[in-house]
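In this text the structure is predicted, and so the values were computed from the model without any measurement. Any value given below was found using the heavy atoms of this structure, including those in side chains, with hydrogens, waters and symmetry copies removed. In this chain, numbering begins with 1 at the start of the sequence shown.
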Amino acid sequence: MQASRARLFKEYKEVQREKVADPDIQLVCDDSNIFKWTALIKGPSETPYEGGVFQLAFSVPEQYPLQPPQVRFLTKIFHPNVHFKTGEICLDILKNAWSPAWTLQSVCRAIIALMAHPEPDSPLNCDSGNLLRSGDVRGFQSMAKMYTRLAAMPKKGRIFST
């Protein structure tokens with residue numbers, strides 16, 4: 001547990017240093033528990049998620065970085081690799097392709113990349129996956145844009161701070 005705490009403190013310091021370096025990610029550690037983090041990520045440009053701000057919840061195991069964090073979307077998102085109700089994310093690096101070289105920041109980057117390049121062949125959201133697998137890209141994008149507008153558009157006065 002000491003090793004995981006030390007690693008998380010190191011990542012916390014990195015995040016503080018790099019706040020301006022990565023304007024698409026705002027990663028915040030819980031004040032009372034270094035094993036709980038949240039992130040705000042910007043929807044990638046030229047995707048149905050563009051303009052949206054999505055909140056993620058991180059639960060970091062005591063065996064971190066040898067085991068991956070559990071990450072889920074708190075913001076509703078229409079995406080084939082995200083469970084619509086629970087926010088669970090199907091991403092290989094959060095399962096069997098995890099490496100201790102990954103950081104919480106790089107996990108956020110990988111999730112943004114997944115948002116831009118969905119994998120409809122391993123869906124957690126079958127409706128979303130079926131639209132893409134059947135070639136109905138327009139239908140998928142329309143639904144994804146609608147949910148982005150409904151759930152992820154910043155409210156007045158709540159802006160993404162860097």
Side-chain angles (χ1 to χ4, degrees), residues 3-30 33-84 86-125 128-129 132 137 140-141 144-145 147-149 151-154 158-162:
S4 60
R5 274 186 198 279
R7 166 71 180 260
L8 287 168
F9 277 120
K10 181 181 175 194
E11 288 192 39
Y12 177 78
K13 287 178 187 166
E14 282 291 312
V15 166
Q16 299 309 308
R17 248 195 321 270
E18 289 184 17
K19 270 188 176 169
V20 182
D22 200 337
D24 296 339
I25 301 169
Q26 188 176 11
L27 199 53
V28 180
C29 177
D30 184 295
N33 185 349
I34 190 124
F35 294 100
K36 300 285 181 206
W37 294 64
T38 56
L40 292 176
I41 58 173
K42 287 185 180 176
S45 59
E46 298 179 29
T47 71
Y49 312 109
E50 184 173 15
V53 176
F54 299 84
Q55 187 174 16
L56 303 171
F58 285 77
S59 182
V60 183
E62 290 183 1
Q63 297 79 14
Y64 181 81
L66 300 177
Q67 287 185 356
Q70 288 185 312
V71 187
R72 66 186 183 92
F73 275 88
L74 295 178
T75 307
K76 289 278 183 223
I77 181 172
F78 188 76
H79 189 285
N81 309 113
V82 180
H83 191 284
F84 190 74
T86 66
E88 177 191 351
I89 302 166
C90 180
L91 183 60
D92 60 352
I93 64 150
L94 295 175
K95 309 273 190 264
N96 57 348
W98 174 256
S99 160
W102 287 89
T103 65
L104 301 181
Q105 184 92 0
S106 60
V107 167
C108 288
R109 271 271 140 237
I111 292 169
I112 291 170
L114 181 68
M115 290 169 75
H117 305 285
E119 294 288 339
D121 292 329
S122 61
L124 282 174
N125 179 331
S128 176
L132 286 173
V137 175
F140 162 76
Q141 289 184 336
K145 278 181 189 170
Y147 279 106
T148 298
R149 275 196 306 273
M153 290 299 196
R158 189 185 119 217
I159 53 173
F160 195 91
S161 62
T162 51

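Within 6.0 Å of the NZ atom in K145, the count of heavy atoms belonging to other residues, nucleotides or ligands does not exceed 12. Other residues, nucleotides and ligands contribute over 12 non-hydrogen atoms within 6.0 Å of the CD atom of E50. Atom NZ of K95 has more than 12 neighbouring heavy atoms from other residues, nucleotides or ligands inside a 6.0 Å radius.
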Exercise. Is there a side chain to side chain contact (heavy atoms under 4.5 Å, CB included) between I112 and K42 once you walk through the steps?
Worked result: CA-CA 8 Å; I112 291 170; K42 287 185 180 176; over 6 Å; no
Problem set entry | Residues T86, R72; criterion side chain to side chain contact (heavy atoms under 4.5 Å, CB included); working and verdict | CA-CA 7 Å; T86 66; R72 66 186 183 92; 5.9 Å; no
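Residues A39 and C108 approach most closely at CB-SG, 3.8 Å, considering heavy atoms. Of all heavy-atom pairs spanning W98 and P65, the tightest one is NE1-O, 2.7 Å. Pairing each heavy atom of L124 with each of E88, the nearest pair is CD1-O, 3.4 Å. Closest approach of S59 to K36, counting heavy atoms only: OG-NZ, 3.0 Å. Closest approach of F84 to I77, counting heavy atoms only: CD1-O, 3.5 Å. The heavy-atom pair separating L66 from P100 by the smallest distance is CD2-CG, 4.1 Å.
Contact of the E14 side chain with the T103 side chain is not registered, since no non-hydrogen atoms from C-beta on lie closer than 4.5 Å. Between S4 and F35, some side-chain heavy-atom pair lies under the 4.5 Å cut-off. Counting heavy atoms from C-beta on, the side chains of W102 and P69 never come closer than 4.5 Å. In this structure, the side chains of L8 and R5 stay at 4.5 Å or more apart for every pair of heavy atoms. No side-chain heavy atom of V53 sits under 4.5 Å from any side-chain heavy atom of Q26. In this structure, V82 and N125 have side chains that are not in contact, with every pair of non-hydrogen atoms separated by 4.5 Å or more.
Using modelled atom types, no side-chain atom of W37 and backbone atom of L56 make a donor-acceptor pair closer than 3.5 Å. Looking at H79, its side chain never comes within 3.5 Å of a backbone N or O of I89 through a donor-acceptor pair. Within the 3.5 Å criterion, the main-chain N or O of A116 finds no donor-acceptor partner in the side chain of T47. Of the possible donor and acceptor atoms, none in the side chain of N81 sits under 3.5 Å from a partner among the backbone N and O of L91. Under the 3.5 Å distance criterion, the side-chain polar atoms of T75 are left unmatched by any main-chain donor or acceptor of A151.
How far CG of L114 is from CZ of R109: 13.5 Å, rounded to the nearest 0.5 Å. Expressed to the nearest 0.5 Å, how far OG1 of T38 lies from CD of Q55 amounts to 5.5 Å. Taking CG from L40 and CG from L27, the interatomic distance works out to 9.5 Å, rounded to the nearest 0.5 Å.
Using cut-offs of 30° and 60° on the angle between ring planes, the pair Y49 and F54 is perpendicular.
With respect to the salt-bridge test (charged N to carboxylate O, under 4.0 angstrom), the residues R7 and E11 qualify.
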